[in-house]
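Working notes, beginning with the structure itself.
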Number of protein chains: 2
Amino acid sequence: MLSKGDKTRAEIVEHAKSLFYERGYDGTSFTDIVNAVGVYRGNINYYFKTKDDILKAVIDRHLEEFGALLAEWTARHADPRDRLIDFVHMIAERQAALTRYGCPIGTLNTELGKDRPELQRSARALFDLFKDWLVEQFRALGSSSDEAIALALHLLGRAQGVAVIAHVYQDTVLLQREVAQMETWIRQFSL
Amino acid sequence: MLSKGDKTRAEIVEHAKSLFYERGYDGTSFTDIVNAVGVYRGNINYYFKTKDDILKAVIDRHLEEFGALLAEWTARHADPRDRLIDFVHMIAERQAALTRYGCPIGTLNTELGKDRPELQRSARALFDLFKDWLVEQFRALGSSSDEAIALALHLLGRAQGVAVIAHVYQDTVLLQREVAQMETWIRQFSL
DNA sequence: GTCTATAAGAAGATAGAC
DNA sequence: GTCTATCTTCTTATAGAC
């Protein structure tokens, strides 16, 4: 059971998550967040000492949500190829947001990676979450540890590249075509 | 012959270009720029009315420099495959900056694409420059117009994806491995 | 064309009443 | 736990002397 405070805190994190995605971390002000939540100015500083603390809570929320997705795909299929295909299908399912705002994980890391190495290290955990899961799938397909890492980063990179281009050109057709190619690439692995 | 004013203007653009790349557009202030150039506060507003005007000048400078590179590759090789390989070799040559700051074109478009559609349209010209050149090369390799566009955007996306992952993980080894894969992919085309 | 001073606003963060 | 007021700093931009 959530107390009133927990609920307010969760709402701040949820709206901050959306705003950081849609406008960027620097592009989102405390005012933007409290306006979205519908609370008053001072409240945000009751729950979070600094803006960086909000970001860390947002990253944790992302980790929970994406972690749940990965668990779902793992539970749904025994064949690692089907799991990997769930991963690339996510890209097609989220095409509207991806073309409008880019990849939530990629754009956040890109922004923080410029000149905030400490915050980017926190945000990198989101990439690690996907990377480690992908490595597991390629390992299950018979790859060595090194090969599996290379394949995981290759697929992660393909996904990021598609997201960047689709975002720049607002192009959902390209996104779908590239997803289909990734699916073909996955299907050529054998157990 | 450059007048004194032209030289100051060019220096402002050159330093702004570096700073926008290293710290992001929003992350760079007028103070940062004048400090880097070594001129006084007011000068920048003598040459540029707004910050957006500086960005447009920076984009034009990028267009000139990358345009010159493309012309060089075109002049150096008759075989479009060799030209394409020059393109991917650029990624390996610039690995230090790419792992530290990401792709100058990709990160700029990603930042502006969040909530500045008008500025992002200007920055997209940088992608168009590469895209159109890549399309020409794939056309010369016998692709139809539609195929050539798809192949150009595919390679552009691969390059962007590699840059994102290499930046996130500060990983030059991955970058070189992916460049080698792109080279292999290019070599399988026949005239 | 160069330099100084400052305007006008928005940002993150804090203090304290209720 | 909620709300108001304010501090300090930094931002873009402008005005005007030299």
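Reminder, nothing fancy here: chain letters follow the sequence lines and each chain counts from 1.
At least one test fails for B:K56 against the ring of B:F48: distance under 6.0 Å to the centre or angle within 45° of the axis.
B:F189 and B:W185 have perpendicular rings, their planes meeting at more than 60° on a 0 to 90° scale where under 30° would count as parallel. In this pair, A:F87 and A:W73 present their aromatic rings perpendicular. The plane angle is above 60°, beyond the 30 to 60° band.
The side chain of B:Y46 places an N or O atom within less than 4.0 Å of a non-bridging phosphate oxygen (OP1 or OP2) of C:dG1. Within the 4.0 Å cut-off from OP1 or OP2 of C:dT2, at least one side-chain nitrogen or oxygen of B:T8 is found.
The backbone N or O of A:T74 sits less than 3.5 Å from a side-chain atom of A:R83, completing a donor-acceptor pair.
Atom pair A:L55:CG and C:dG12:P shows a separation of 13 Å (rounding to whole Å applied). Taking atom CD1 of A:I44 as the reference point, atom P of D:dG1 lies 15 Å away to the nearest angstrom.
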- Query: Given B:R139 and B:E136, is the salt bridge (Lys or Arg N to Asp or Glu O under 4.0 Å) satisfied, shown in steps?
  - Reply: CA-CA 5 Å; B:R139 285 284 283 158; B:E136 278 177 44; over 6 Å; no
Below 3.5 Å, can you tabulate the donor-acceptor pairs from side chains in residues 146-158 of chain B to any protein atom, sequence neighbours excluded?
{"residue": "B:E147", "atom": "OE1", "partner": "B:S144", "partner atom": "N", "Å": "3.0"}
{"residue": "B:H154", "atom": "ND1", "partner": "A:E178", "partner atom": "OE1", "Å": "3.1"}
{"residue": "B:H154", "atom": "ND1", "partner": "A:E178", "partner atom": "OE2", "Å": "3.1"}
{"residue": "B:H154", "atom": "ND1", "partner": "A:Q181", "partner atom": "OE1", "Å": "3.2"}
{"residue": "B:H154", "atom": "NE2", "partner": "B:R158", "partner atom": "NH1", "Å": "3.2"}

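Across all strands shown, A:Y47 has heavy atoms under 4.0 Å from sugar-phosphate atoms exclusively, and none from any base.
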- Item | Contact pattern, 5' to 3', of nucleotides 11-18 of chain D - B, S or - by protein heavy atom under 4.0 Å | SBBB----
